[in-house]
Amino acid sequence: MAYVKWSRYLLPTWKEEPAEAEIPSHKLMLRAGLIRKVASGIYEFLPFGYRALRKVERIVREEMDSIGALEMKLPVLQPEELWRRTGRWEDFGPEMFKLTDRKGQGFALGPTHEEIITELASREISSWRDLPLTLYQIGEKYRDEIRPRFGVMRAREFLMKDAYSFHTSWESLEETYNDMYKAYYRAFLRCGLKIKVVEAPTGVMGGNVSHEFMAVAETGEDEIALCSSCGYAANRQIAHARPPSPPRVEERPLELVETPGVRTVEELVEFLGVSPSQVVKTFIYVGRGGPMAVLVRGDHELEETKLLQAVGDPTLRRVDDPDEVEGIAGAPFGFLGPIGLRIPVLADEAVRDIPAAVVGGNREGYHYVGAKPGRDFAVERYLDLRRVQEGDPCGHCGAPLRIRRGIEVGQIFQLGTKYSEALGATFLDRDGSEKPVIMGCYGIGVSRILGAVIEQHHDDQGIIWPVEIAPFHVVIPVLRPDMGEQMELSERLAEALDGAGMEALLDDRDRSPGEKFHDAKLIGVPLMIVVGPRALKRGEVEVERRRDGAKTSLPADPASVVEGVRELLRAESI
RNA sequence: CGGAGAGUAGCGCAGCCUGGUCAGCGCGCAGCGUUCGGGACGCUGAGGUCGCCGGUUCGAAUCCGGCCUCUCCGACCA
């Protein structure tokens, strides 16, 4: 008897909305008894939620196995020394949970596992004959997020599948990268997710090529730019659009004008009667190479990710303290400009084409008008630094870009040799020369998938599980558990279903029918078999589909119900 | 880290301004009875150091100070 009786199960549902939750998936995961909060960003998975989590895990595992990745287990507790060798003890910074053992040795709770796996590779891989190799694990990750949010969506402890591949060549890496891409797509599809794959920034991971798998959802934290015509799709942080046309103004000589108290772009536009596209904003950044100035047009926004990527310095940060700015630039905050600055100047490409720009005067109460890039101030490099907007022309085909929101459920990277070089993971090639292994890494937020699935599959009554990851296939509310006949039949049905490989949850609780119906909707399993007097009188049971409420009647005997339910479930699966 | 808000029973909340039968309500929970196809009803009952520490006061959930935690917006982020 492997089916589950609700009365003997831990599945506490809530009628009221939890005050702490904001988005549907978070509310529903609490209300339907999947998770409970222990502390900010730390959750318990109750039995019902854990069933779903394990099913997601199984799908991911199957897809990884199918491309020849080898499952293994890496430690959560990782020595500081390893992280120092790649420089990420600092780069990851306060986002890592750090601790000290009794002897004073530093450790981190692994936020990811490149260091430990590359160190493993350095020991175990020595020849080109050992390659390529792909290893993966499914385990807890720890990140001290600045702001945990939305339940399991941004948690401090979460379940992740992480894979790492090792190669002798970039071609080999690309092959595995493509296999991963496809395997990821299949895994998300099987989980019932609607996915957009987008070009992605590489952040603290390093490397060049990267894609993110975004579950499309209004409540997603990430923004993606999609071309309506050519299929270009990218994370907004790196999305490229064609440079906009320059403002139509005449070239003119440089002139310093008095602008008392006028600091912001809006104030300048008002005070000088110019258009925002003529104004140039100046920001100060400091990184490993010292301070620099960054220019963007007044009607544009600086996309910091693009800047970081272009400069290649993860420690780069914006200076926004007025005193610090004045110390670096020698000019007051609000009146900064590139003219006469003694630090390197980078600029967005749209700045180059402004014939006569308004820039800060580097003196309290003054701005320059008629400034011409190249003539009046030097720019070291022009880059695409501008944050794309809805409707911008696609960088490839010129069609308007759309901005949508998504939940990042997976990301894959072509890392190259960043980690293998730092940690000495090399191999001897056919010609006897020693080379660093070329690496890729690949992550899936397993627990986040659950949130994303619910975000995409719910209605105002509750969750609507896709069959493949539903914690149970059917729920059987026994309307009158006190009536022996109904109870007996329900048990026989549940047992028969279980024997046929379908998971049944028998609601034998002493509750009113209304409550059982509501709970069945809330927990969202795909099918409900109603065992009640009305249909029984006709020798039938009623099957209701969660997705659309469609009802079918089946003869009230185990064989017919097993057949009928099997058919209905088959029709539901992808 | 900046801004805002909140911590009173398992959940959702009132009470606080104006200190003294204010330890309260709804849901949930336990017992008994009635009910039973779309969140039933009656009766009885259990359950709370009012986030923590300190102060003011004859007296503090309520006033003052400090701390902690949680949530939201922003910044940040595989």
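So that the names make sense, note that chain A is the first sequence line, chain B the second, and so on, each numbered from 1.
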Just the atom pairs and distances: protein N or O near nucleotides 48-53 of chain B's N or O, under 3.5 Å.
none

* **From B:rG39, B:rC36, B:rC77, nucleotide with atom closest to A:Leu308 side chain** => B:rC77
* **Shortest side-chain distance from A:Lys551, nucleotide among B:rG38, B:rG39, B:rG37** => B:rG38
Tell which nucleotide pairs with [N], taking only Watson-Crick or G-U wobble pairs whose two distances are both under 3.5 angstrom.
| N | value |
| --- | --- |
| B:rA40 | B:rU34 |
| B:rU69 | B:rA6 |
| B:rC29 | B:rG45 |
| B:rG20 | B:rC58 |
| B:rC1 | B:rG74 |
| B:rC50 | none |

Touch check for [X], heavy atoms < 4.0 angstrom, all strands: base, sugar-phosphate only, or nothing?
| X | value |
| --- | --- |
| A:Pro201 | nothing |
| A:Asp482 | base |
| A:Glu544 | base |
| A:Arg36 | nothing |
| A:Pro111 | base |

Check nucleotides 68-74 of chain B for protein N or O atoms closer than 3.5 Å to its own N or O atoms and list the pairs.
unit_1, atom_1, unit_2, atom_2, d
B:rC70, OP1, A:Ser40, N, 3.1
B:rC70, O3', A:Lys37, NZ, 3.0
B:rU71, OP2, A:Ser40, OG, 3.0
B:rC73, OP2, A:Arg147, NH1, 3.3
B:rC73, OP2, A:Arg147, NH2, 2.2

Roughly how many Å apart are [M] and [N], using the [atom1] atom of each and rounding to a whole number?
| N | M | atom1 | result |
| --- | --- | --- | --- |
| B:rC53 | B:rC58 | P | 23 Å |
| B:rC50 | B:rU62 | P | 9 Å |
| B:rC67 | B:rG10 | C1' | 27 Å |
| B:rG31 | B:rC72 | C1' | 43 Å |
| B:rC25 | B:rG45 | P | 13 Å |
| B:rC27 | B:rU44 | P | 15 Å |
| B:rC1 | B:rG59 | P | 38 Å |
| B:rC17 | B:rG26 | P | 25 Å |

Could you tell me how far apart [X] ([atom1]) and [N] ([atom2]) are, to the nearest whole angstrom?
| X | N | atom1 | atom2 | answer |
| --- | --- | --- | --- | --- |
| A:Arg154 | B:rC77 | CZ | P | 10 Å |
| A:Glu303 | B:rA75 | CD | C1' | 13 Å |
| A:Arg31 | B:rG28 | CZ | P | 14 Å |
| A:Gln237 | B:rC76 | CD | C1' | 10 Å |
| A:Leu11 | B:rG10 | CG | P | 20 Å |
| A:Leu479 | B:rU35 | CG | C1' | 14 Å |
| A:Asp144 | B:rC76 | CG | C1' | 13 Å |
| A:Arg480 | B:rU34 | CZ | P | 12 Å |

* To do: Report the C-alpha distance between A:Tyr136 and A:Leu70 in whole Å, list the side-chain angles of each, state the deciding distance to 0.1 Å, and finish with yes or no for side chain to side chain contact (heavy atoms under 4.5 Å, CB included).
  => CA-CA 6 Å; A:Tyr136 81 97; A:Leu70 308 176; 5.7 Å; no
* Is the base of B:rG28 touched by the side chain of A:Glu16 through a donor-acceptor pair closer than 3.5 angstrom? -> no
* Go through the N and O atoms of the side chain of A:Glu542 and the base of B:rG37, and report whether any donor-acceptor pair is under 3.5 Å. => yes
* Asked: Which residue, A:Leu423, A:Leu415, A:Asp162, A:Leu82, forms the side chain to side chain contact (heavy atoms under 4.5 Å, CB included) with A:Glu114?
  -> A:Leu415
* **CE on A:Met153 to CD on A:Glu22, rounded to 0.5 Å** => 13.0 Å
* Asked: What parts of residues 504-517 of chain A reach RNA chain B, counting only heavy atoms under 4.0 Å away?
  -> A:Arg511, A:Ser512, A:Pro513, A:Gly514, A:Glu515, A:Phe517
Charged N-O contact under 4.0 Å between [X] and [Y]:
| X | Y | value |
| --- | --- | --- |
| A:Glu221 | A:Arg149 | yes |
| A:Glu324 | A:Arg317 | yes |
| A:Asp384 | A:Lys306 | yes |
| A:Glu57 | A:Arg61 | yes |
| A:Asp459 | A:Arg546 | yes |
| A:Arg156 | A:Asp144 | yes |
| A:Arg84 | A:Glu90 | yes |

* Structure fact -> For A:Met29 and A:Gly451 the tightest heavy-atom approach is SD-CA, 4.3 Å
* Asked: Given that A:Glu145 and A:Pro18 both sit by RNA chain B, which one's nearest nucleotide is further toward the 5' end?
  -> A:Pro18
* Most 5' of A:Thr305 and A:Met528 on RNA chain B, judged by nearest nucleotide -> A:Met528
* Structure fact -> With sequence neighbours left out, the residues meeting side chain to side chain contact (heavy atoms under 4.5 Å, CB included) with A:Glu174 are A:Gln414
Going by atom type alone, with no hydrogens or angles, which donor-acceptor pairs under 3.5 Å involve a side-chain atom of residues 472-481 of chain A and a protein atom two or more places apart or on another chain?
unit_1, atom_1, unit_2, atom_2, d
A:His473, ND1, A:Glu503, N, 2.9
A:Arg480, NE, A:Asp482, OD1, 3.0
A:Arg480, NH2, A:Asp482, OD2, 2.9

* A:Leu53 side chain near A:Ser447 side chain, heavy-atom distance below 4.5 Å -> yes
Distance-only donor-acceptor hits, side chain of residues 209-219 of chain A, under 3.5 Å, sequence neighbours excluded:
unit_1, atom_1, unit_2, atom_2, d
A:Ser210, OG, A:Gln411, NE2, 2.8
A:Ser210, OG, A:Ile412, O, 2.9
A:His211, ND1, A:Tyr177, OH, 2.8
A:Glu212, OE1, A:Asn235, ND2, 2.7
A:Thr219, OG1, A:Glu455, OE2, 2.9

